[in-house]
S.K.: 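First, the structure itself, so that you have it in front of you.
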Amino acid sequence: MFNPDLNKLLNGCQSRYSIVTGVAKRAREIREEAIEREEPVDVKTVSTAMDEILEGKYVIEEPEEIAKD
């Protein structure tokens with residue numbers, strides 16, 4: 001089971017909701033890209049999305065009302 005460090009995921013984010021939403025959005029994008037290329041997805045897309053966020057390849061942008069607090 002993949003257990004990322006929550007503090008590393010929260011780096012630069014104000015809320016856990018933003019992380020969950022961002023990971024889900026990126027996971028859908030990864031799946032859709034694989035379908036377009038007609039490639040099988042061997043790794044879970046959520047794990048891949050979390051890896052990309054931890055490595056800085058994908059940045060989560062928060063709404064202004066959250067970012068201001």
Side-chain angles (χ1 to χ4, degrees):
M1 176 178 236
F2 182 67
N3 291 314
D5 184 6
L6 185 58
N7 290 329
K8 288 182 182 177
L9 281 173
L10 281 171
N11 189 19
C13 290
Q14 297 293 321
S15 71
R16 293 179 184 182
Y17 178 79
S18 296
I19 292 172
V20 171
T21 305
V23 168
K25 180 180 177 182
R26 181 61 187 139
R28 283 190 303 271
E29 290 173 356
I30 293 167
R31 186 190 74 231
E32 290 170 0
E33 290 169 1
I35 290 171
E36 286 176 8
R37 292 186 305 246
E38 298 179 359
E39 295 178 352
V41 180
D42 296 334
V43 181
K44 292 184 179 182
T45 56
V46 172
S47 297
T48 304
M50 284 185 178
D51 285 338
E52 288 182 1
I53 291 169
L54 288 170
E55 293 171 4
K57 294 179 182 177
Y58 184 79
V59 178
I60 297 172
E61 293 183 15
E62 296 186 277
E64 290 181 26
E65 56 269 5
I66 293 175
K68 288 182 181 178
D69 291 339

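FYI, side chains are in, hydrogens and waters are out, and symmetry mates aren't considered; it's all heavy atoms of this structure.
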S.K.: Calculate, to the nearest 0.5 Å, the distance between atoms CD and OG1 belonging to E32 and T45 respectively.
M.R.: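 Nearest 0.5 Å value for the CD-OG1 distance: 10.5 Å.
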S.K.: When rounded to the nearest 0.5 angstrom, what is the spacing between NZ in K57 and CZ in R26?
M.R.: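 Here the interatomic distance stands at 10.0 Å.
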S.K.: In this structure, would I60 and L54 fall into the same cluster of hydrophobic residues linked by side-chain contacts under 4.5 Å?
M.R.: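 As far as the 4.5 Å side-chain criterion goes, L54 and I60 are connected within one cluster.
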S.K.: Taking all non-hydrogen atoms of both residues into account, name the closest pair between V23 and V46 and its distance.
M.R.: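 Smallest interatomic distance, heavy atoms only, reads CG1-CG1, 3.8 Å.
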S.K.: Would you name the heavy atoms of I30 and A49 that are closest together and state the gap between them?
M.R.: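 Closest approach of I30 to A49, heavy atoms only: CD1-N, 3.9 Å.
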